[in-house]
Asker: 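So that we are looking at the same thing, I have put the structure below in structure tokens.
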Amino acid sequence: MSVPHTPILPRERISAALAKAVAAHPLTLLTAPMGYGKSTMAREVMARLPGRSFYVSVTPGPHSAAYTWDPIWGQLARQGSDIAAAFQRMGFPDSPARLRRILDLGREHVEANPRVLVLDDCHHITDPAMEALLEAL
């Protein structure tokens with residue numbers, strides 16, 4: 001999905017370097033204090049990369065992992081992710097067996113269909129179970 005963006009201050013060198021890093025690594029973490037332009041930069045990078053890209057924003061508030069899980073996959077489903085509905089139906093992995101099944105399914109899907117997923121506003125994630133899942137990913 002191409003996300004329209006109009007950078008006020010183009011940062012060509014940074015955009016190019018970040019796009020190269022994202023293309024070369026399965027996980028790229030972009031962190032900086034609020035107001036530094038991370039979300040804008042993520043959209044710029046998404047526009048540069050081939051293939052499908054998805055942009056999800058974490059719902060603000062102290063929520064349980066199960067509550068956070070549904071809106072994330074709901075946003076992905078609305079953007080046309082072909083695996084989102086299956087993950088949403090499976091629910092948050094609350095056991096090691098379910099976690100393994102979700103990780104295996106996700107790995108298989110990504111290997112067959114490379115994607116870029118931007119998970120914005122991760123600082124809203126406060127449940128240790130969701131933090132552990134992101135770490136496992």
Side-chain angles (χ1 to χ4, degrees):
M1 173 176 125
S2 178
V3 178
H5 67 281
T6 307
I8 295 170
L9 179 62
R11 296 169 282 190
E12 186 61 35
R13 193 180 77 199
I14 296 171
S15 296
L18 186 56
K20 184 177 178 181
V22 169
H25 302 285
L27 176 64
T28 302
L29 181 62
L30 180 61
T31 63
M34 194 166 72
Y36 273 66
K38 298 174 300 296
S39 299
T40 300
M41 182 61 60
R43 285 184 170 99
E44 286 181 34
V45 168
M46 288 172 63
R48 289 172 175 266
L49 296 172
R52 304 267 329 257
S53 294
F54 300 95
Y55 188 95
V56 174
S57 188
V58 175
T59 306
H63 301 298
S64 69
Y67 180 88
T68 303
W69 181 263
D70 279 337
I72 287 173
W73 294 107
Q75 287 180 57
L76 287 167
R78 286 188 297 280
Q79 293 178 40
S81 169
D82 43 1
I83 197 169
F87 273 44
Q88 198 168 23
R89 275 192 309 276
M90 292 171 84
F92 184 80
D94 55 3
S95 71
R98 288 182 72 190
L99 175 60
R100 173 63 30 217
R101 192 168 55 222
I102 283 174
L103 292 175
D104 288 345
L105 180 60
R107 185 178 306 108
E108 291 170 14
H109 182 73
V110 169
E111 287 173 358
N113 309 285
R115 303 282 194 252
V116 171
L117 169 61
V118 173
L119 189 56
D120 198 13
D121 295 327
C122 286
H123 62 279
H124 292 305
I125 294 173
T126 57
D127 188 311
M130 183 56 94
E131 291 174 349
L133 173 65
L134 291 176
E135 191 173 315
L137 292 173

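FYI, the numbering just counts along the sequence from 1.
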Asker: Have a look at Tyr55 and tell me which of Val116, Leu117, Leu119, Val118 forms a side chain to side chain contact (heavy atoms under 4.5 Å, CB included) with it.
Answerer: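 So the option named by the test is Val118.
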Asker: Run the salt-bridge test on Arg13 and Glu44 with the 4.0 Å N-O cut-off and return the result as yes or no.
Answerer: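 No, this pair does not count.
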Asker: How far apart are the closest heavy atoms of Ser15 and Met41, and which atoms are they?
Answerer: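 Closest pair (atom of Ser15, atom of Met41, distance): OG-SD, 3.4 Å.
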Asker: Same cluster or not: are Phe92 and Leu134 linked, directly or through other Ile, Leu, Val, Met, Phe, Trp or Tyr residues, by side-chain heavy atoms under 4.5 angstrom apart?
Answerer: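 In one cluster with Phe92: Leu134, yes.
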Asker: Decide yes or no for Leu133 and Trp69: does some side-chain heavy atom of the first lie under 4.5 Å from some side-chain heavy atom of the second?
Answerer: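 Side-chain contact under 4.5 Å: yes.
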Asker: Grab the two heavy atoms, one from Ile102 and one from Gly91, that are nearest each other, plus how far apart they are.
Answerer: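 Looking at all heavy atoms of both residues, the shortest contact is CD1-O, 3.6 Å.
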Asker: Is Thr68 reaching over with its side chain to a backbone N or O of Ser64, donor-acceptor style, under 3.5 angstrom?
Answerer: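 Judged by distance alone, yes, a pair lies under 3.5 Å.
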Asker: Heavy atoms only: give me the nearest His124-Thr59 pair and the separation to one decimal.
Answerer: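 Closest pair (atom of His124, atom of Thr59, distance): CB-O, 3.6 Å.
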Asker: Measure up the Trp73 and Phe87 rings against each other and bin them: parallel (under 30°), tilted (30 to 60°), perpendicular (over 60°).
Answerer: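 Plane angle between 30° and 60°, so tilted.
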Asker: When you compare the side chain of His63 with that of Thr126, does any pair of heavy atoms fall below 4.5 Å?
Answerer: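 Contact flag for Thr126/His63 side chains = no.
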Asker: Using the side-chain hydrogen bond (donor to acceptor under 3.5 Å, both in side chains) rule, collect all pairs that involve residues 99-113, keeping only residues at least two apart or in two chains.
Answerer: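 Applying side-chain hydrogen bond (donor to acceptor under 3.5 Å, both in side chains) to every pair that reaches into residues 99-113, excluding sequence neighbours, yields Asp82-His109, Arg100-Asp104, Asp104-Arg107, His109-Asn113.
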Asker: So which heavy atom on Lys38 is nearest to which on Pro33, and how close?
Answerer: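 Here Lys38 and Pro33 meet closest at NZ-O, 3.1 Å.
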Asker: Quick one: closest heavy-atom pair of Arg48 and Ala19, and the distance?
Answerer: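 Result for this residue pair: CD-CB, 3.9 Å.
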Asker: Give a yes or no on whether Leu105 and Leu103 share a hydrophobic cluster (residues Ile, Leu, Val, Met, Phe, Trp, Tyr; joining criterion: side-chain heavy atoms under 4.5 Å apart).
Answerer: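 The answer is yes; both residues are in one hydrophobic cluster.
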Asker: Determine whether Pro60 and Asp121 make a side-chain contact, defined as any pair of heavy atoms from C-beta on separated by less than 4.5 Å.
Answerer: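 Result no, sub-4.5 Å side-chain heavy-atom pair not found.
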Asker: When rounded to the nearest 0.5 angstrom, what distance separates CZ in Arg52 from CE in Met46?
Answerer: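 Here the rounded value is 10.0 Å.
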Asker: Does Val45 belong to the same Ile/Leu/Val/Met/Phe/Trp/Tyr cluster as Ile14, with side-chain heavy atoms less than 4.5 Å apart forming each link?
Answerer: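 In one cluster: yes.
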Asker: Ignoring hydrogens, what is the shortest heavy-atom contact between Met130 and Ala65? Give both atom names and the distance.
Answerer: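 Residues Met130 and Ala65, closest heavy atoms: CE-O, 3.5 Å.
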